[in-house]
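Written out below as structure tokens is the structure these notes cover.
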Amino acid sequence: MTVAAPRIRMLIDGQFIESASSHWQNVVNPATQDVLAQVPFATPGEVDAAVAAAKEAFKTWRKTPIGTRARIFLKYQQLIRENMGELAHILSAEQGKTVPDAEGDVFRGLEVVEHAAAIGNLQLGELANNVANGVDTYTLLQPLGVCAGITPFNFPAMIPLWMFPMAIATGNTFILKPSEQDPMVTMRLVELALEAGIPKGVLNVVHGGEEVVNAICDHPDIKAVSFVGSTRVGTHVYNRASLAGKRVQCMMGAKNHAVVLPDANKEQSLNAMVGAAFGAAGQRCMAASTLVLVGEARQWVPDLVAKAKTLKVSAGSVAGTDVGPVISCAARERVEGLIASGVEQGAKLVLDGRNPQVDGFEKGNFVGPTIFAGVTPGMRIYDEEIFGPVLVILEAETLEDAIDLINANPNGNGTALFTQSGAAARKFQEDIDVGQVGINVPIPVPVPLFSFTGSRASKLGDLGPYGKQVVMFYTQTKTITSRWFDDQTLGHGVNTTISLK
Ligand code: NAD
């Protein structure tokens, strides 16, 4: 007898409910093809019900004392820590990344929850005393109302935690639409959020794909939308939700270049590159997927290939695995198609990771570490985001040439420079047109004291996730100019215009 896969529930008005939808999709373990669960594509009525619950809850949540809000996130961070092992195993099974990497995924989200617990210090207005005689001006950072978040498959813990904790801590209510490919760990995090004390209606979850996302973009009662995912979908979400009058932020696709100068520490730089290119099977928006070797460093390709060959390709659940499967059969076929295009377009395939032998996981979506040398702009493997364990190598004569190459690429998510020269590092950070820069740090994702600041084609909207910027994103600044009359003083006349003299 086959046991039916569990059905993933939605969260509407504090209740975990099963969708009435007739459209369900399997959540699949990418290493085994086992069906772990089924996820619904919510009906329009269910989206409306979630938004109505969030709208109603906003009436009281917006006035909840800041200390009460902060204490929920203090409790929440504790619950996430206590359940770290379970969360990482759920995540690894549905997403494919190794268990240590899955713990990292949860941990980077946990850091944002810790930051949300400090909301008392973050959501402060400004005050100027005596801007005119007896007049003060001050600002309030007020929540917007119902906000929504749409998340990708590659960080199913971290990215939902980029969104709803800061939105809710600032006094908003929230609709979360997780990735339909791996919603299970997200739902466990949502359960823990309720256990931490988030009141009913303040956090709601609907599942689905294009139709649910479009309903969120169009809904008149949703005030702001935060999106993380591909450039294709993010551009659509930005245009559609902006047209509907919403505040929107979209973090999107990337092509992150790492530049290695010949004076770099060779061993450390190549080790960092191998981890940053192939870790998480290359499915990181900040993966160092493009290597630019400068001058004598152009001779280092064989050493890099030798290191990449030592990586173990297997299921994320197997101890010692370095590279797990990609998320789906379709993703594997797309990555393999791009590798084939690289060969056809004349790049040199110096390490071919296609069809690796993975004992015990013959059905998994595996692609091993793959390296192309002799890559140039105009080849699809350079122009497109591959989002798999494929590193493309370009060459440059000088640091200036490398900077020109990177600045000519439309994407601006992340970049890194490996060097021992402070002067070269300073020139790079000054002249490079990319939002997040690492100096001898291959994946420079900022901690939540700062904001995530991808730029150019990798981002739409002015303000990024977490850090100070997201407090501005999730609040409206109201500026009050106030004068109080002393009851003991008799008024003279009716002119209430403030004199600025
Ligand atoms: P995706 O764009 O396919 O999906 C993201 C979300 O959009 C999902 O919730 C999905 O259900 C929804 N969606 C999919 N197709 C849609 C459509 N036609 N209309 C409306 N909504 C739709 O992205 P993905 O494959 O899940 O994630 C990988 C991508 O995300 C990569 O491009 C990666 O670079 C990017 N990413 C960017 C960042 C960043 O911070 N810049 C972080 C993580 C991932």
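Counting starts at 1 for both ligands and their atoms, following the listed order. Nothing fancy with the numbering, it's 1 onward along the sequence.
Listed here is the closest heavy atom pair of Ala57 and Val202: CB-N, 3.8 Å.
For the residue pair Gln33 / Asn365, a side-chain donor-acceptor distance below 3.5 Å is found, with atom types taken as modelled.
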Close N/O pairs between ligand 1 and protein, under 3.5 Å:
| from | atom 1 | to | atom 2 | distance (Å) |
| --- | --- | --- | --- | --- |
| ligand 1 | 2 (O) | Ser230 | N | 2.9 |
| ligand 1 | 2 (O) | Ser230 | OG | 2.6 |
| ligand 1 | 9 (O) | Thr151 | O | 2.8 |
| ligand 1 | 9 (O) | Lys177 | NZ | 2.8 |
| ligand 1 | 11 (O) | Lys177 | NZ | 2.8 |
| ligand 1 | 11 (O) | Glu180 | OE1 | 2.6 |
| ligand 1 | 11 (O) | Glu180 | OE2 | 3.4 |
| ligand 1 | 23 (O) | Ser230 | N | 3.4 |
| ligand 1 | 26 (O) | Phe153 | N | 3.0 |
| ligand 1 | 30 (O) | Gly229 | O | 3.2 |
| ligand 1 | 30 (O) | Ser230 | N | 3.4 |
| ligand 1 | 32 (O) | Glu385 | OE1 | 2.7 |
| ligand 1 | 34 (O) | Glu385 | OE2 | 2.6 |
| ligand 1 | 41 (N) | Met252 | N | 3.3 |
| ligand 1 | 41 (N) | Met252 | O | 2.8 |

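Here side-chain hydrogen bond (donor to acceptor under 3.5 Å, both in side chains) pairs that include residues 436-454, with residues two or more places apart or in two chains, number zero. Residue pairs meeting the side-chain hydrogen bond (donor to acceptor under 3.5 Å, both in side chains) criterion with at least one member in residues 227-238, sequence neighbours excluded: Asn214-His236. Among residues at least two apart or in separate chains, there is no salt bridge (charged side-chain N to carboxylate O under 4.0 Å, His left out) pair with a member in residues 23-49.
Between Lys312 and Asp322, no side-chain nitrogen of the basic residue sits less than 4.0 Å from a carboxylate oxygen of the acidic one, so the salt-bridge criterion is not met.
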